[in-house]
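Below is one structure, written out as structure tokens, with a few remarks after it.
The shown structure was predicted, so the numbers you read here are calculated from the model rather than taken from an experiment.
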Amino acid sequence: QVQLVESGGGLVQAGGSLRLSCAASGSTTSIRDMGWFRQAPGKQRELVADVSSGGRLNYAESVKGRFTISRDNAKKAVFLQMNSLKPEDTAVYYCWAFSNLNFWGQGTQVTVSS
């Protein structure tokens, strides 16, 4: 089992920045991919960005050039630097890890005001 705990969400004005952090614990040696998903009210959960154990990065088109994902394999953590935030980025952001199974954090709210 893998446990994921997010931090760093909050309220920010459009154009501002936030940094999300996610710390993994438990059976972390089996983790392969890590990343971030988000879910806005009334919408399906969608991939924001992910990073493989080998460092391959993947971003949703809507966040390319604004968000940066990074991973600290030694600390079993993944981060999401979000710049130039827009109101449409408002959502609950979930940390995700894949280790033969999908594991999810509890989610952290990000609200971007116009």
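Remark: side-chain polar atoms of R66 are paired, donor with acceptor, to backbone N or O of S84 under 3.5 angstrom. Checking side-chain atoms of E6 against main-chain N and O of L20 turns up no donor-acceptor pair under 3.5 Å. Judged by distance alone, the side chain of S99 and the main-chain N or O of S30 form a donor-acceptor pair under 3.5 Å. Looking at T90, its side chain does come within 3.5 Å of a backbone N or O of P87 through a donor-acceptor pair. Using modelled atom types, no side-chain atom of R19 and backbone atom of L80 make a donor-acceptor pair closer than 3.5 Å.
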*asked:* Go through it in stages, so that I can follow the logic: the residues are R71 and S53, the test is side chain to side chain contact (heavy atoms under 4.5 Å, CB included), and I'd like the CA-CA distance, side-chain angles, deciding distance and then a yes or no.
replied: CA-CA 9 Å; R71 178 172 176 171; S53 57; 4.1 Å; yes
*Does the pair T68 and F79 meet the rule for a side chain to side chain contact (heavy atoms under 4.5 Å, CB included), with working shown?*
CA-CA 8 Å; T68 302; F79 309 94; over 6 Å; no
*asked:* Using the rule given for side chain to side chain contact (heavy atoms under 4.5 Å, CB included), can you reason through L4 versus Q106, listing the C-alpha separation, both sets of side-chain angles and the distance that settles it, and then say yes or no?
replied: CA-CA 8 Å; L4 302 170; Q106 80 283 359; over 6 Å; no
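In this structure, the side chains of T111 and Q109 come closer than 4.5 Å at one or more pairs of heavy atoms. Side-chain contact between K43 and R38: absent, with no pair of heavy atoms (C-beta onward) separated by less than 4.5 Å. Using a 4.5 Å cut-off on side-chain heavy atoms (C-beta onward), L18 and V110 make contact. Taking the side chain as every heavy atom from C-beta outward, T108 and S7 never approach each other to under 4.5 Å.
Both Y59 and L85 belong to a common hydrophobic cluster when Ile, Leu, Val, Met, Phe, Trp and Tyr are linked at side-chain heavy-atom distances under 4.5 angstrom. Connection of M34 to F98 is not established within any shared hydrophobic cluster, with ILVMFWY side chains joined at heavy-atom distances below 4.5 Å, either directly or through further cluster members.
V48 pairs with exactly one of V63, D89, I69 by the side-chain contact (heavy atoms from CB on, under 4.5 Å) rule, that one being V63. F37 pairs in a ring-ring contact (aromatic ring centres under 6.0 Å, His included) with only one of the listed residues (W104, F103, Y94), which is W104.
For the atom pair SG (C22) and CG (D72), the distance works out to 12.0 Å, reported to the nearest 0.5 Å. Remark: S52 OG to N58 CG distance equals 9.5 Å, nearest 0.5 Å.
Smallest separation of non-hydrogen atoms from A24 and V2: CB-CG1, 4.4 Å.
For Y93 and W36, the ring centers sit 6.0 Å or farther from each other.
No donor-acceptor contact under 3.5 angstrom links the side chains of D50 and W96, judged on distance only. With no hydrogens or angles considered, a side-chain donor-acceptor pair links S17 and N83 at under 3.5 Å.
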